Amino acid sequence: MNIESITAAAYHRQPPDGMTLAEIKLYYSLVLLYTLNHLGQLTVEEGQKKKKEFIAAYHQELGAVDFMRENPEMKCKDALRALRSRQSGSEGRAYESIPEG
């Protein structure tokens, strides 16, 4: 499922079937943004900023899941450490905010 279809589904509050956990979290985060905007509790600009943050977190989670699939022998905390190390040398993609466990 792509970002556009999750976004459209959230806007219309029609959850698609068969979403992954990461997609479900993104979907409901966006539903909350749209609801808060509709209620006047969040400006369009604030919502757009939060939406970008949620999408970045979604991509970060997908990257962590892919990394764990590629390295099944690693323990979780070792995988997180490796992800941080790999990302600290790259151009700012976002594994740095993964909390240590």
Side-chain angles (χ1 to χ4, degrees):
M1 182 164 289
N2 62 36
I3 299 292
E4 292 79 19
S5 62
I6 295 170
T7 300
Y11 184 80
H12 297 291
R13 292 181 187 87
Q14 297 174 342
D17 293 329
M19 288 190 290
T20 65
L21 181 57
E23 292 167 343
I24 291 168
K25 290 192 299 189
L26 177 60
Y27 170 82
Y28 282 108
S29 296
L30 295 175
V31 166
L32 178 60
L33 285 182
Y34 293 134
T35 301
L36 289 172
N37 177 261
H38 177 73
L39 294 172
Q41 300 296 311
L42 191 70
T43 67
V44 172
E45 294 79 20
E46 292 169 329
Q48 288 172 342
K49 181 180 176 194
K50 283 294 182 188
K51 181 179 174 182
K52 287 179 183 177
E53 291 174 15
F54 291 153
I55 290 172
Y58 169 76
H59 286 294
Q60 178 180 340
E61 186 168 344
L62 291 182
V65 168
D66 290 343
F67 186 86
M68 291 298 291
R69 280 192 192 126
E70 294 166 5
N71 301 282
E73 71 285 352
M74 295 186 94
K75 292 181 180 173
C76 188
K77 76 176 182 183
D78 295 332
L80 291 173
R81 189 176 297 120
L83 278 169
R84 280 191 205 99
S85 171
R86 183 173 84 176
Q87 289 308 116
S88 66
S90 72
E91 302 171 317
R93 273 198 4 231
Y95 293 110
E96 298 159 354
S97 64
I98 297 174
E100 287 206 29

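Keep in mind the model is a prediction, meaning the values are calculated, not measured.
A donor-acceptor contact shorter than 3.5 Å links the side chain of Tyr27 to the backbone of Gln14. Listed for the Ser29 side chain is a donor-acceptor partner under 3.5 Å among the backbone atoms of Lys25. In this structure, the side chain of Gln60 does not engage the main chain of Ala57 through any donor-acceptor pair within 3.5 Å. Gln48 places no side-chain N or O within donor-acceptor distance of the main-chain N or O of Glu45, the cut-off being under 3.5 Å.
Taken from CG in Leu42 to CG in Asn37, the straight-line distance is 6.0 Å, to the nearest 0.5 Å. Once rounded to the nearest 0.5 Å, the distance linking CG of Leu62 with CG of Leu26 reads 9.0 Å. From Tyr34, atom OH reaches atom OG1 of Thr7 across 5.0 Å, with rounding to the nearest 0.5 Å. With rounding to the nearest 0.5 Å, the separation of CG in Leu32 from CZ in Phe54 is 6.5 Å.
The shortest side-chain heavy-atom distance between Val31 and Tyr11 does not fall under the 4.5 Å cut-off. Inter-residue side-chain proximity for Leu33 and Tyr28 is flagged as unmet; no heavy-atom pair is nearer than 4.5 Å.
Here Glu53 pairs with Lys50 under the salt bridge (Lys or Arg N to Asp or Glu O under 4.0 Å) rule; sequence neighbours left out.
Taking all atoms of both residues into account, the shortest heavy-atom contact from Pro16 to Met1 is CB-CE, 3.4 Å. Closest heavy-atom contact between Glu23 and Gly18: OE1-O, 4.2 Å.
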- Task: Could you please spell out the steps behind the side-chain contact (heavy atoms from CB on, under 4.5 Å) verdict for Thr35 and Arg13?
- Result: CA-CA 10 Å; Thr35 301; Arg13 292 181 187 87; 2.9 Å; yes
*Could you go step by step and tell me if Thr43 and Glu46 meet the side chain to side chain donor-acceptor pair (under 3.5 Å) rule?*
CA-CA 5 Å; Thr43 67; Glu46 292 169 329; 3.3 Å; yes
